[in-house]
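The structure appears below as structure tokens.
Computed from heavy atoms alone, side chains included, the values below leave out hydrogens, waters and symmetry copies. Along the sequence shown, the residues carry numbers beginning at 1.
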Amino acid sequence: MVKYNLVFFFSEGEPNDKGLNLSHNKDKLLKIAGEHFDNISWYTPKKLRDMGYDYYVKERENGHVRMNPGMSKIGNCAWRPLIMLLELEKMEEGDILVYRDSNVCGHRANQLSYYKDIRNIIDKCLEVSKFDFFVPFEGKGNTFKHAKTNVIRELGEDHPFSYNFPNVFSGLLTIARKSHISNHFLNDWKEACEKEEWIDGKTYGDLDPRFKWQCPEQSILGIIISNWIRKQQYNISPYYPNIMFGGKIIKNIIVLDENSNKYEHLKYLDFKNDFKN
């Protein structure tokens, strides 16, 4: 039987870290999610430091991470692929791991506290995306708005497809079925988050004039997905991830048609006709 696992993260505030004290979310999250998962694990900045993973929760200046200034105090979320990899190591092949942000009591409670029928939602996302790793489209914006341009130039190889790839929303629902593909993807993501010039909030070279603010680890994730699509890694669909959620609530699944305006970025693929959905 496939087992379903959930992992989440929260900051505790002083004296354990300099992020916000979000500890009050833990018990509520365990209560609303507990019956739906075979195992639930959580991490904090202190726990990761005690494990020797100081870099992933390194305190930085806000810089371009100005829309979520607390994020820079707890590593700019470089820990996200790390904690998923740590949990995958404990799991059997084919088991499912889910990451969701933990602030079920805050301003995003309506989006993040929905867990009813989540197993069926997970299964549908993996089925529709036809891949072992899933993260949804956010619903608006492109990479050039929220990725520092040096990251697109370097990690995204300055390719127009990477600039124009739609934003993804890793905090809402990220799913990994344990497999070689998921491990490869998460390791690519983790290693990219380890490059200081990509994860920090500083400027390196000219910024795209369309840049708004930085979503550090999330924009890195989108660029990696665009690379995998462009290079046809593991036969990933050019229409990946095929799904967004209405109102950013996971019960409101929107499966995107190939003619959706969300796929305007495909015009930057020279070999798009080689793909099959």
Answer yes or no: does atom NZ of Lys262 have more than 12 heavy-atom neighbours from other residues, nucleotides or ligands under 6.0 Å?
yes
Side chains of Tyr163 and Asp158: does their closest heavy-atom pair fall under 4.5 Å?
yes
Atom CD1 in Ile220, atom CD1 in Ile152: separation rounded to 0.5 Å?
11.0 Å
What's the shortest heavy-atom distance between Pro136 and Leu173, and which atoms?
CD-O, 3.1 Å
Listed partners of Lys46 passing side chain to side chain contact (heavy atoms under 4.5 Å, CB included), at least two apart
Glu12, Asn16, Thr44, Arg49, Asp50
Compare all side-chain heavy atoms of Met1 with those of Asp38 and state whether any distance is below 4.5 angstrom.
no
Side chain of Asn5, backbone of Ile96: donor and acceptor closer than 3.5 Å?
yes
Enter the distance from Glu35:CD to Ile40:CD1 here, rounded to the nearest 0.5 Å.
10.0 Å
Only pairs at least two apart or in different chains count here, so list each ring pair (Phe, Tyr, Trp, His ring centres under 6.0 Å) that has a residue in residues 70-91.
Phe9-Trp79
Determine, step by step, whether Leu85 and Lys190 satisfy the side-chain contact (heavy atoms from CB on, under 4.5 Å) criterion, reporting the C-alpha distance in whole Å, the side-chain angles of both residues, the deciding distance to 0.1 Å, and the verdict.
CA-CA 9 Å; Leu85 281 166; Lys190 181 176 78 72; 3.8 Å; yes
CG on Leu97 to NZ on Lys90, rounded to 0.5 Å
10.0 Å
Crowded around Lys47 NZ? As in, over 12 foreign heavy atoms under 6.0 Å?
yes
Taking side chain as C-beta onward, heavy atoms only, is Thr149 less than 4.5 Å from Phe144?
no
Apply side-chain contact (heavy atoms from CB on, under 4.5 Å) to residues Ile83 and Leu48 and explain how you reach the verdict.
CA-CA 9 Å; Ile83 66 173; Leu48 288 177; 4.2 Å; yes
Heavy-atom donor-acceptor pair, Tyr268 side chain to His159 backbone, under 3.5 Å:
no
Name all residues meeting the side chain to side chain contact (heavy atoms under 4.5 Å, CB included) criterion together with Glu61; count only those two or more places apart in sequence or in a different chain, and write none if there are none.
none
Quick one: does any side-chain atom of Thr174 pair with a main-chain N or O of Tyr99 as donor and acceptor, under 3.5 Å?
no
Who passes side chain to side chain donor-acceptor pair (under 3.5 Å) against Asn110, sequence neighbours left out?
none
Between Met67 and Val168, is there shared hydrophobic-cluster membership here, with clusters defined by ILVMFWY side-chain heavy atoms closer than 4.5 Å?
no
Looking only at side chains, do Tyr56 and Glu217 share a donor and an acceptor under 3.5 Å apart?
no
Within the side chain of Arg177, is there an N or O that forms a donor-acceptor pair under 3.5 Å with the backbone of Ser182?
no
Once you round to the nearest 0.5 Å, how far does CD of Glu264 lie from CG of Asn142?
8.5 Å
Give a yes or no on whether the backbone of Met91 and the side-chain of Lys178 come within a donor-acceptor separation of less than 3.5 Å.
yes
Using the side chain to side chain contact (heavy atoms under 4.5 Å, CB included) criterion, which residues pair with Glu138? Sequence neighbours excluded.
Asn167, Phe169, Lys248
Residues pairing under ring pair (Phe, Tyr, Trp, His ring centres under 6.0 Å) where one sits in residues 104-128, two or more places apart or in two chains, turn out to be none
Taking Lys28 for its side chain and Ser113 for its backbone only, find out whether a donor-acceptor pair lies under 3.5 Å.
no
Nearest 0.5 Å, please: how far is CD1 in Ile74 from CZ in Arg60?
11.0 Å
Can you list everything that forms a side chain to side chain donor-acceptor pair (under 3.5 Å) with Tyr53? Sequence neighbours excluded, please.
none
What heavy-atom pair brings Ala78 and Ile199 nearest, and what distance separates the two atoms?
CB-CG1, 4.1 Å
Around atom CD of Glu92, are there more than 12 heavy atoms from other residues, nucleotides or ligands closer than 6.0 Å?
no
Let me know which of Tyr239, Phe165, Tyr240 forms a ring pair (Phe, Tyr, Trp, His ring centres under 6.0 Å) with His265.
Phe165
Are side-chain N/O atoms of Asp257 and Asn259 paired as donor and acceptor at under 3.5 Å?
yes
If I compare all heavy atoms of Asn39 with all of Glu87, which pair ends up nearest, and what's the gap?
ND2-OE1, 4.1 Å
Using every non-hydrogen atom in the two residues, find where Ile229 and Pro238 come nearest and quote the distance to one decimal.
CG2-CA, 3.7 Å
Does anything in residues 204-236 pair up under ring pair (Phe, Tyr, Trp, His ring centres under 6.0 Å), and if so which pairs, sequence neighbours excluded?
His64-Phe211, His146-Trp213, His180-Tyr234, His184-Trp228, His184-Tyr234, Phe185-Trp228, Trp228-Tyr234
The remaining residues in the hydrophobic cluster of Val65, counting side-chain heavy-atom contacts under 4.5 Å among Ile, Leu, Val, Met, Phe, Trp and Tyr, are Met71
Kindly indicate whether the side chain of Asp117, heavy atoms from C-beta on, has any atom under 4.5 Å from the side chain of Lys251.
no
Are the side chain of Ser11 and the backbone of Leu20 linked by a donor-acceptor contact shorter than 3.5 Å?
yes
Any heavy-atom pair between the side chains of Asn62 and Lys73 that's under 4.5 Å?
yes
Main-chain N/O of Asn103 paired to Asp101 side chain as donor or acceptor, under 3.5 Å:
no
Is there side-chain contact between Gln111 and Leu172, with heavy atoms separated by less than 4.5 Å?
yes
Step by step, work out the side-chain contact (heavy atoms from CB on, under 4.5 Å) result for Val128 and Ile253.
CA-CA 11 Å; Val128 171; Ile253 299 176; over 6 Å; no
What pair of heavy atoms forms the shortest contact from Gly94 to Val2, and how long is it?
O-CG1, 3.6 Å
Return the set of residues passing side chain to side chain donor-acceptor pair (under 3.5 Å) with Asn227 (not counting sequence neighbours), or none when no residue passes.
Arg230
Looking only at heavy atoms, what is the nearest atom pair of Ala176 and Phe133, with distance?
CB-CD1, 4.2 Å
By side chain to side chain donor-acceptor pair (under 3.5 Å), which residues pair with Glu127, not counting sequence neighbours?
none
Between Leu266 and Phe161, is any pair of side-chain heavy atoms under 4.5 Å apart?
yes
Within the side chain of Asn25, is there an N or O that forms a donor-acceptor pair under 3.5 Å with the backbone of Val104?
yes
If you measure from CG on Leu221 to OG on Ser170, what distance do you get to the nearest 0.5 Å?
5.5 Å
Check for a donor-acceptor pair, side chain of Asn252 on one end and backbone N or O of Phe245 on the other, with a separation under 3.5 Å.
no
Distance under 6.0 Å and angle within 45° of the ring axis: does Lys26 meet both against Phe10?
no
Just jot down the salt bridge (Lys or Arg N to Asp or Glu O under 4.0 Å) partners of Lys58, sequence neighbours excluded, or say none.
Glu196
Check: Phe8 and Leu112 side chains under 4.5 Å, non-hydrogen atoms
no
